[in-house]
There are 2 protein chains.
Amino acid sequence: MTEPEAAARLSALAHEARLKIFRALVAAGPEGLPAGRLAEAVEVAPSNLSAHLAVLAHAGLTRVRPEGRHRIWSVDLEAVAGLVGFLVDDCCQGRPEVCAPLTAIRPSC
Amino acid sequence: MTEPEAAARLSALAHEARLKIFRALVAAGPEGLPAGRLAEAVEVAPSNLSAHLAVLAHAGLTRVRPEGRHRIWSVDLEAVAGLVGFLVDDCCQGRPEVCAPLTAIRPSC
DNA sequence: CTTTCATTTCAATGTTTCTTGAAATATTGG
DNA sequence: CCAATATTTCAAGAAACATTGAAATGAAAG
């Protein structure tokens, strides 16, 4: 992960509507959601949503697959892991106790 | 963590210079770094750096303490952990295998 | 093959965010 | 107290980003 890549991913997430979209996709899991249902869920105009989804995809955080006349969006959790790893790189140089807060990062599973 | 808070933290990180600053502070550990040395490290004009540090601090990602005529900046790793936890909330509703990528998040320690 | 539905593209506008340099503040050392 | 150092504040212009509505694309059902 390079600095510009990481910044692009953070920029993509750094927007309230896109954050909502992203979290809805996380909750939807690998099956993902079609754009239309996302538009309802986050209450964003379709054209606006489309732009937001393009930003997320361009940053490498989401994937799309066509399905009938829909397009189904889902998140790339490995991209998220890569981003977070980059953020806290070198967090504890020989002092594990320093990054103890980060061991709580693991999600509810 | 609320959505606006999370978005503010992501916005704060979503800038190449601020990302450099942040990572330099992560690497510096709890001791932190004075603004002056950060300015050299990331090659940003002092006034500009000051604005960036204010953004990070306002988002709750960094802390400052005065030390002589310096001001020493450091990161708040718990804030980072909170942000990441928020991002991947509900990632695996009963299907632990779904969020396997996230178990690699843990840093080098 | 025509209509309908889902989504994207485009162009214009408005809003936020960055950057810069100069001036202000605050702290120490002489 | 005065000078020097470290950092922040301020105001202005420049740049990037978000939003809107209308029009275009593309896929599928009748």
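Proteins get letters first, then strands, A, B, ... in listed order; numbering begins at 1 in each.
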Going 5' to 3' through nucleotides 19-30 of chain D and flagging B where a protein heavy-atom sits under 4.0 Å of the base, S where only the sugar-phosphate is that close, and - otherwise, we get SBBB----SBS-

How would you label the contact of B:R18 with the nucleic acid (heavy atoms, under 4.0 Å): base, sugar-phosphate, or nothing? sugar-phosphate

Does the pair B:V84 and A:L102 meet the rule for a side chain to side chain contact (heavy atoms under 4.5 Å, CB included), with working shown? CA-CA 9 Å; B:V84 176; A:L102 298 176; over 6 Å; no

I need the full list of ring pair (Phe, Tyr, Trp, His ring centres under 6.0 Å) pairs touching residues 26-49 of chain A, with sequence neighbours left out, sorted by first then second residue. none

I need the residues from residues 2-13 of chain A with at least one non-hydrogen atom less than 4.0 Å from DNA chain C; give them sorted by number, or say none. none

Of the residues in residues 22-35 of chain A, which ones touch DNA chain C at a heavy-atom distance under 4.0 Å? A:P34, A:A35

Quick one: salt bridge (charged side-chain N to carboxylate O under 4.0 Å, His left out) pairs with a partner in residues 28-53 of chain B, sequence neighbours left out? A:R95-B:E31

Salt bridge (charged side-chain N to carboxylate O under 4.0 Å, His left out) partners of residues 47-65 of chain B, not counting sequence neighbours, each pair once: B:R63-B:D76, B:R65-B:E67

Atom-pair distance ([atom1] on [X]; [atom2] on [N]), nearest Å:
{"X": "A:H58", "N": "D:dC17", "atom1": "NE2", "atom2": "P", "answer": "12 Å"}
{"X": "B:E16", "N": "C:dC18", "atom1": "CD", "atom2": "C1'", "answer": "14 Å"}
{"X": "B:I21", "N": "C:dC18", "atom1": "CD1", "atom2": "P", "answer": "11 Å"}
{"X": "B:I72", "N": "C:dA26", "atom1": "CD1", "atom2": "P", "answer": "19 Å"}
{"X": "A:R37", "N": "C:dA6", "atom1": "CZ", "atom2": "P", "answer": "13 Å"}
{"X": "A:L19", "N": "D:dA18", "atom1": "CG", "atom2": "C1'", "answer": "16 Å"}
{"X": "B:L56", "N": "C:dT17", "atom1": "CG", "atom2": "P", "answer": "14 Å"}

If I take atom CG from residue A:L83 and atom CG from residue B:L87, how far apart are they, to the nearest 0.5 angstrom? 8.0 Å

Test side chain to side chain contact (heavy atoms under 4.5 Å, CB included) applied to [X] - qualifying residues, sequence neighbours left out:
{"X": "B:Q93", "result": "A:A27, B:D90"}
{"X": "A:A35", "result": "A:L49, A:L53, A:W73"}
{"X": "B:P66", "result": "none"}
{"X": "A:R69", "result": "none"}

Verify side chain to side chain contact (heavy atoms under 4.5 Å, CB included) between B:C99 and B:V88, making sure each step is shown before the conclusion. CA-CA 9 Å; B:C99 61; B:V88 297; over 6 Å; no

Would you say B:E78 has more than 12 foreign heavy atoms packed within less than 6.0 Å of its CD? no

Indicate, with yes or no, if A:V75 and A:V55 share a hydrophobic cluster defined by side-chain heavy-atom contacts under 4.5 Å among Ile, Leu, Val, Met, Phe, Trp and Tyr. no

Think B:R71 has a side-chain N or O under 4.0 angstrom from the OP1 or OP2 of D:dA6? no

Start with the C-alpha distance between A:L33 and A:L25, add both sets of side-chain angles, then the distance that settles side chain to side chain contact (heavy atoms under 4.5 Å, CB included), and finish with yes or no. CA-CA 7 Å; A:L33 286 176; A:L25 289 177; 4.1 Å; yes

To the nearest 10°, give me the bend of the helix from C:dC1-D:dG30 to C:dG30-D:dC1, comparing the axes of its five terminal pairs at either end. 30°

Could you please name the option among C:dT7, D:dT9, C:dT8 that lies closest to any side-chain atom of A:H70? C:dT7

Cut-off 3.5 Å, no hydrogens considered: what does the side-chain donor-acceptor table look like for residues 7-24 of chain B, sequence neighbours left out?
unit_1	atom_1	unit_2	atom_2	d
B:R9	NE	B:A59	O	3.0
B:R9	NH1	B:A79	O	3.1
B:S11	OG	A:A14	O	3.4
B:S11	OG	B:A7	O	3.2
B:H15	ND1	B:A17	N	3.2
B:R18	NE	B:A12	O	2.6
B:R18	NH1	B:H52	ND1	3.1
B:R18	NH2	B:S11	O	3.2
B:R23	NH1	A:F86	O	2.7

